[in-house]
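The structure appears right after this line, and notes come after that.
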Number of protein chains: 2
Amino acid sequence: MANLRGGDLSRLRQLNSLTAIRALRGAGPLTLSALAERTGLSRPSMKEVADELVELGWVEEVPPSPGTMGRPARRYRFRADSGCLVGIDIGGHNVRAALSDLDGEILAETRQPVLPGAPLEERLAAIDRAVSGCLALSGRTAADLWTVAAGTTGVLTPEGRVTFSAAIPAWTGLDLAGKLREMFSCQVLIENDSRLAALAEARRGAAQGARDVVFLHVGRRMGTGLIIDGKVHRGFGAAAGEIVMLPEARWYDAPEHLNGCEVVPEGTAPEDAAGYTLAAARDGHPVALAAVDRYVDDLAVGTAAMVLVLDPQMVVLGGGFSRSADVLLAPLRERLERTCMRMPEVRASTLGDECVVMGAIDYAADHLSRELFTSDSPLTPMR
Amino acid sequence: MANLRGGDLSRLRQLNSLTAIRALRGAGPLTLSALAERTGLSRPSMKEVADELVELGWVEEVPPSPGTMGRPARRYRFRADSGCLVGIDIGGHNVRAALSDLDGEILAETRQPVLPGAPLEERLAAIDRAVSGCLALSGRTAADLWTVAAGTTGVLTPEGRVTFSAAIPAWTGLDLAGKLREMFSCQVLIENDSRLAALAEARRGAAQGARDVVFLHVGRRMGTGLIIDGKVHRGFGAAAGEIVMLPEARWYDAPEHLNGCEVVPEGTAPEDAAGYTLAAARDGHPVALAAVDRYVDDLAVGTAAMVLVLDPQMVVLGGGFSRSADVLLAPLRERLERTCMRMPEVRASTLGDECVVMGAIDYAADHLSRELFTSDSPLTPMR
DNA sequence: CTACTTACGAAGGAGCGCTTCATTAGTAGC
DNA sequence: GCTACTAATGAAGCGCTCCTTCGTAAGTAG
């Protein structure tokens, strides 16, 4: 059962203040009249609320826009720049970071290469460099950090420990959330990278507007992220989406069809192998086409399982192989048409390599909004 | 983006009135002081709110409880009896109905047998009789009906049309929601029966308290219901949970292992066949045990797929075969342990045949609560 | 019958949002 | 450069909702 607390007049003021913040965050700078109209409050009341928000630091006045009829109107904006969020993508070969304002508008991005086998300390140092780089690029300091959200490959516990990571051996067993909390003295959130990518696609990418989305990370390793009712679905033990563990879903060995194809030149690095096959298939090479067919056959089984279970509005194809989405989408759709009850839209990722960091930013922004808008205590000064 | 409307003092009163209703619904009759303490309002304000609620008919005063120290306190209760909800389970062989008060407390139940091949009109008449029976048993009339929620076998559209029903041939293509709206001049909700059963198990049954639940209907036909974040998950096209359509999940033909077992006497009705096999297995008959093993082998594949995708807290086994849960649970758990990342609890349904009607009642009650507590308009008189 | 406990009811006060209206600071037209 | 027009501003006054306080009422316990 939800909240049982009633409220007095200050609660009403709190609600109206939050409504005003929401209105300002949704649209750029607004005049007092526009704000009053949107919130349904009268002008004098809106003024009172705005004055208080300015006082507390959540909102500031901006110069009136010239060239309008009548007396120039005060304009207000949400001070999205008075704090920042950082999203981190901890991958095998790279640590990426992005810094955004409190609205999730991205202000800086960095990338730090790391070797997959690098020891723990080295990777943590890379994280530190990536974040420091973002802070420097955007002229901020660590004190401006409100929330850090990190996505990493591997299986996590709900508390942010790494149960197992094939891509980053040193990661296995690590209390990642704990380590990052030592590094950053702010709110720290940990999530699986595919789930964050899924969130990014649902918010800014190919699946914008969809409430239920299945994101497929297709690459050397298979991964998934589920968005259900607009939110990341983790599951009770943060293990949702691990369909790759089911042999009958035929996902685990699926990439081998592409990696092991005979069109791949002898001595190619394992991470580049599939690219050759996909490129050859695009050129119509029959052996490569057959390999892609076998790959998609397998890919479609696990995908159909997820689609049948969840009936999502959309399936988004991301990850390394999705650069060859033109080769993969049509046959995948064809397979899914055969088994799926209701065929979802199937699209390629539109966000590319920055997918995970953007998802991390969105995750942090969601968390912030939830904290702000569901709080029961009156609005406090903005740090 | 959520609600952008601010509110004035009447909004505050509305919130406090709703909080009071919530408090009263959560606990039996409460004195004014108890109510004030729970809601955090002062006594005089609480009195004002209570007076208004009594005025509008949502709440009534009950005689003070005797034998207490001090002056006897006024007591109030939510008038859960001033309206009623009806849940209907439209199955192949039976139409069941249950009637509850507005809190979902069940007051009457009825059952009307129907032949699976019965024509449309006959089944609709059975529905009418089942509901009329409940009304008569509880001394209500159709005018007291607030919401009717119906669960039926088959695949539905989001709007409540039946796309296809193997168990009820006459159902296929029917605008069920439309038909029921003609019969009942109140709110009508339609949902798949397994989903409602899942809801009932999550609210009152084996999975009480769990937010993420996979419900398996095991019987002559396989079905599933998913509870995600405490709510029924339908999917974008109301087709969620149809893993039975995936050949690799090995569900479709799974019941055949039990139905076609050689321990089943010649000439047994198809709906009774599996019962023989399960009973023989319980007695240790080796042929039956082998059949059950093969059955569970298949059952576990589709189940593991759902568990891996969703990572639910609990899996509940319901439907006809779940009467033999003692024979099925242990081997099912054993199979799941092998493939599942994180093993969920696996339990047998505790609600039995009334599962679907109870779920329908819960579904209707949820709908009512959502309407009541998320409304933006001030509280209206209770009809 | 008295003391004690608990609830009731009335009075007075503070905070919040609303409406109203005179005032102010711009643009547009002559 | 002056006047008319437009739209926002700021101050005043009202009503509603919740709060605190305090004397009174209706029970039980001894």
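This is a predicted model, so every value here is computed, not measured.
Considering only residues two or more places apart in sequence or on other chains, E37(A) meets the side-chain hydrogen bond (donor to acceptor under 3.5 Å, both in side chains) condition with none of them. The side-chain hydrogen bond (donor to acceptor under 3.5 Å, both in side chains) search around R75(B) returns none, not counting sequence neighbours. Every residue was checked against the side-chain hydrogen bond (donor to acceptor under 3.5 Å, both in side chains) condition with T350(A), not counting sequence neighbours, and none meets it. With sequence neighbours excluded, the residues that form a side chain to side chain contact (heavy atoms under 4.5 Å, CB included) with A360(A) are A149(A), L196(A). Under the side-chain hydrogen bond (donor to acceptor under 3.5 Å, both in side chains) criterion, R11(B) pairs with Q14(B), not counting sequence neighbours.
The stretch residues 38-47 of chain A participates, sequence neighbours left out, in these salt bridge (charged side-chain N to carboxylate O under 4.0 Å, His left out) pairs: K47(A)-D51(A). Residue pairs meeting the salt bridge (charged side-chain N to carboxylate O under 4.0 Å, His left out) criterion with at least one partner in residues 62-74 of chain B, sequence neighbours excluded, are E61(B)-R74(B). For residues 137-148 of chain A, no residue pair satisfies the salt bridge (charged side-chain N to carboxylate O under 4.0 Å, His left out) rule, not counting sequence neighbours.
If you measure from atom CG of D51(A) to atom C1' of dA8(D), you get 14 Å, rounded to the nearest angstrom.
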Atom pairs, N/O to N/O, protein against nucleotides 8-11 of chain C, distance under 3.5 Å?
{"unit_1": "dC8(C)", "atom_1": "OP1", "unit_2": "R74(B)", "atom_2": "N", "d": "2.8"}
{"unit_1": "dC8(C)", "atom_1": "OP2", "unit_2": "R43(B)", "atom_2": "NH1", "d": "2.1"}
{"unit_1": "dC8(C)", "atom_1": "OP2", "unit_2": "R43(B)", "atom_2": "NH2", "d": "2.8"}
{"unit_1": "dC8(C)", "atom_1": "O4'", "unit_2": "R71(B)", "atom_2": "NH1", "d": "3.4"}

Write out a two-atom table: protein N or O, nucleotide N or O from nucleotides 15-18 of chain D, distance below 3.5 Å.
{"unit_1": "dC18(D)", "atom_1": "OP1", "unit_2": "N16(B)", "atom_2": "ND2", "d": "2.7"}
{"unit_1": "dC18(D)", "atom_1": "OP2", "unit_2": "R13(B)", "atom_2": "NE", "d": "3.1"}
{"unit_1": "dC18(D)", "atom_1": "OP2", "unit_2": "R13(B)", "atom_2": "NH2", "d": "2.6"}

In residues 101-109 of chain A, what donor-acceptor pairs under 3.5 Å come from side-chain atoms, sequence neighbours left out?
{"unit_1": "D101(A)", "atom_1": "OD1", "unit_2": "D103(A)", "atom_2": "N", "d": "2.8"}
{"unit_1": "D101(A)", "atom_1": "OD1", "unit_2": "G104(A)", "atom_2": "N", "d": "3.1"}
{"unit_1": "D101(A)", "atom_1": "OD1", "unit_2": "E105(A)", "atom_2": "N", "d": "3.0"}

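Each end of the helix from dC1(C)-dG30(D) to dC30(C)-dG1(D) gets its own axis from five base pairs, and the two axes differ in direction by 10°, given to 10 degrees.
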